[in-house]
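First the structure, in the form of structure tokens, and then the observations on it.
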Number of protein chains: 2
Amino acid sequence: MAAQRGEGDGVVTRPQGTSPAGTSPQGTTNSEAPADVRERARAIPEAAVARLAVYLRVLSGMVEQGVTTISSEELAGAAGVNSAKLRKDLSYIGSYGTRGVGYDVEVLVSHIERILGLTRKHSVAVVGIGNLGHALANYGGFPSRGFPVAALFDIDPDLTGVPVGGIPVDHIDDITTVCAEREVSIGVIATPPQAAQAVCDRLVSAGVQCILNFAPVVLQVPDYVEVRKVDLAVEMQILSFHVARRADEAAGDVVNGIGVDGVVIRP
Amino acid sequence: MAAQRGEGDGVVTRPQGTSPAGTSPQGTTNSEAPADVRERARAIPEAAVARLAVYLRVLSGMVEQGVTTISSEELAGAAGVNSAKLRKDLSYIGSYGTRGVGYDVEVLVSHIERILGLTRKHSVAVVGIGNLGHALANYGGFPSRGFPVAALFDIDPDLTGVPVGGIPVDHIDDITTVCAEREVSIGVIATPPQAAQAVCDRLVSAGVQCILNFAPVVLQVPDYVEVRKVDLAVEMQILSFHVARRADEAAGDVVNGIGVDGVVIRP
DNA sequence: TCAACTTTGTGCAAGCGTTCACAAGCGGTA
DNA sequence: TACCGCTTGTGAACGCTTGCACAAAGTTGA
Ligand SMILES: NC(=O)c1ccc[n+]([C@@H]2O[C@H](COP(=O)([O-])OP(=O)(O)OC[C@H]3O[C@@H](n4cnc5c(N)ncnc54)[C@H](O)[C@@H]3O)[C@@H](O)[C@H]2O)c1
Ligand SMILES: NC(=O)c1ccc[n+]([C@@H]2O[C@H](COP(=O)([O-])OP(=O)(O)OC[C@H]3O[C@@H](n4cnc5c(N)ncnc54)[C@H](O)[C@@H]3O)[C@@H](O)[C@H]2O)c1
């Protein structure tokens, strides 16, 4: 079973856990034209991929503001990273900058989109149309970024046929046919935790190979399926850890009566 | 400004970006009793903290099932990690296992809770009671894990006073007084992206030092504030990247007519 | 054309995090 | 008590990620 990644791995983490759990044994390929692109894509570190998505969002904003050129320093500032890291990240996808000038925003956007596979459409299915499922189905941020929500599923017969965010809910039992019909490539699990593994299994047998899981459970999937998880309780607990650590530090400083300079708990 | 961590960095996380951007200069503390606990807490890698939260969830399930003792191998399986990693993670918080036997589930639970700071209560405020905010306010998983939702805020006057999930929504202008009154320690941002930085600034001046951000923006905060972000579009794009990579590999293999054995795209 | 200046792309070293592998320690058994 | 089998805890090696620092490569202006 493949390990799943997410948040802090923050993360998160990712996240966060980042070993590319044997998606495939390295087949020595040696075709001519697309080979370098493939090799390159394969070589991009997971951490860099996550940041590329962030750069893409920032750059899209820049395009809308009419910015045509940007330096690594500026982009790094806007994305909240070190500029050396940014340049290294961009170097994984090729050399598209101009020394002395910076990067052409549109060129960069199109190359990042290419690397992230955003030139294809990725239809999304949401399973579990409860509180969270409703929010996801209504969320405009998915379709606008190339991830149209194409199907909704629930086990509750009262929901079947009811349109949410413009799409009628299908019964979970129809998952295989509907997913095939609408070419769903990403499944989102928003069911109660008890149902998550079963739903996951059904998604996998329906041919879905990418899963985003909101249920607080560790899903078991075959190696060829990619799972990412979003676990809000875990996020909260990481924040809690930092609160505790900071409180302990403060307590220690008070005990010592030292009052370490530079530490500002609340300025 | 502190960098913010989240997802995958995954693995996330990171999850992902994981450098402890100078929350404080290392003050050399040397008090006696609690010093080792503090030193230890400080030394736990972020990635390990995220996993400890997962172990805790799994262990809580075990307690309910009446399991009293568990080996690293079993727990690792249930948490989806390698058993060596699990043991190392647990070693960061101390030596509470019994060689030849395993770990006492309840002992482990209480120590992880202590390290994660879950012995204190962490009140949560949600800002932006729209689609997502409603789901979060109604989510039972927060209070049940020691994160009571104590306040809700929105800018929409029509929402003010309306109870959501049992708590009446307050106007964003009252954020400082209400947060102080209810001792809010974690702020959750679920507003549109345009409003996120302003909301973040208000949370920070209200004394909130931990922020969980759902808006797709990079927040700028002072060093002493801890930000974690949940960015669903980024998660989707990471999944998309893997689809693309896999498709490229498959294409390459087909071009070569090799058909690398062991690669199962869809079994 | 040339020099001064700006910014990219990257080799390299240091720092983390993961994994291996095994000694140390514990419980059970004869 | 002495032995055996099992499981923990961790030193050490490895590999990924980060950040520095600088040569290479471009622009601008004279
Ligand atoms: N609400 C939140 O803000 C939030 C936050 C974080 C995580 N989560 C997690 O997301 C999941 C959903 O949360 P929610 O608050 O929307 O719960 P919910 O109870 O409101 O909704 C769950 C939905 O799933 C459906 N369902 C149940 N079993 C199913 C099955 N086998 N197949 C298909 N559908 C099924 C139910 O009919 C219901 O409509 C939970 O696992 C929860 O822990 C929720
Ligand atoms: N809905 C989702 O499933 C989803 C998923 C991922 C990310 N997000 C992100 O979460 C955020 C919220 O999404 P949503 O779908 O709930 O949006 P929404 O429009 O339904 O809700 C936003 C709410 O924020 C309130 N608001 C606006 N400005 C405010 C301010 N200055 N102070 C306080 N409140 C303010 C609005 O009145 C509204 O109630 C967005 O940034 C979105 O990108 C949403």
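Residue numbers start from 1 in every chain, and the chains themselves are labelled A, B, ... in the order their sequence lines are given, proteins ahead of strands.
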Legend entry - A:Leu86 CG to C:dT10 P, straight-line distance once rounded to whole Å: 14 Å
Inset, instruction - Let me know the distance between CD of B:Glu46 and P of D:dT18, rounded to the nearest Å. - result: 13 Å
Legend entry - Nucleotide nearest B:Ala47 (side chain, heavy atoms from C-beta), chosen from C:dT7, C:dG17, C:dG9: C:dG17
Legend entry - For A:Met62, the option from A:Val109, A:Thr69, A:Val67 that meets side chain to side chain contact (heavy atoms under 4.5 Å, CB included): A:Val67
Legend entry - Protein-nucleotide distance (A:Asp89, atom CG; D:dT18, atom P), rounded to Å: 7 Å
Inset, instruction - Please examine the side chains of B:Leu75 and B:Leu108, heavy atoms only from C-beta on, and report whether any two atoms are closer than 4.5 Å. - result: yes
Inset, instruction - Could you run through nucleotides 25-30 of chain D and give me one letter per nucleotide, 5' to 3': B if any protein heavy atom sits under 4.0 Å from the base, S if only the sugar-phosphate is that close, - if neither? - result: BSS---
Legend entry - From B:Arg245 atom CZ to A:Ile44 atom CD1, the distance as rounded to the nearest 0.5 Å: 10.0 Å
Legend entry - d(CG, B:Leu75; P, D:dT7) in whole Å: 14 Å
Legend entry - Among D:dT18, D:dG9, C:dT10, the one nearest B:Arg87 by side-chain distance: D:dG9
Inset, instruction - Give a yes/no answer on whether the side chain of B:Ser71 brings an N or O atom under 4.0 Å of OP1 or OP2 in D:dT7. - result: no
Inset, instruction - Check the distance between C:dG17's C1' and B:Leu52's CG and give it to me in whole angstrom. - result: 14 Å
Inset, instruction - Give a yes/no on whether any side-chain N or O of B:Tyr92 is located under 4.0 angstrom from OP1 or OP2 of C:dC16. - result: no
Inset, instruction - To the nearest Å, give me how far apart CD (B:Glu74) and P (D:dT7) are. - result: 8 Å
Inset, instruction - Could you walk me through whether A:Arg228 and A:Glu46 pass the salt bridge (charged side-chain N to carboxylate O under 4.0 Å, His left out) test, one step at a time? - result: CA-CA 12 Å; A:Arg228 293 194 62 88; A:Glu46 186 93 0; 3.3 Å; yes
Legend entry - Separation of atom CG in B:Leu108 from atom C1' in D:dG9, rounded to whole Å: 14 Å
Inset, instruction - Sequence neighbours left out, what passes side chain to side chain donor-acceptor pair (under 3.5 Å) with A:Ser185? Give chain and number order. - result: none
Polar pairs (N or O, both sides) under 3.5 Å between protein and nucleotides 11-15 of chain C?
{"unit_1": "C:dG11", "atom_1": "O6", "unit_2": "A:Lys88", "atom_2": "NZ", "d": "3.3"}
{"unit_1": "C:dC12", "atom_1": "N4", "unit_2": "A:Lys88", "atom_2": "NZ", "d": "3.2"}

Legend entry - B:Arg120 to B:His122 - nearest heavy-atom pair and separation: O-CD2, 3.5 Å
Inset, instruction - To the nearest Å, give me how far apart CD1 (B:Ile44) and P (C:dT18) are. - result: 13 Å
Inset, instruction - Give a yes/no answer on whether the side chain of B:Asn82 brings an N or O atom under 4.0 Å of OP1 or OP2 in C:dC20. - result: yes
Legend entry - Any A:Arg51 side-chain N or O less than 4.0 Å from OP1/OP2 of D:dT18: yes
Inset, instruction - Could you pull out the closest heavy-atom pair between A:Ala196 and A:Val217, with the gap in Å? - result: CB-CG2, 3.7 Å
Inset, instruction - Taking the side chain as every heavy atom from C-beta outward, state whether B:His242 and A:Val49 have any atom pair closer than 4.5 Å. - result: no
Legend entry - Gap between atom CD of A:Glu235 and atom CG of B:Asn213 - 0.5 Å precision: 11.0 Å
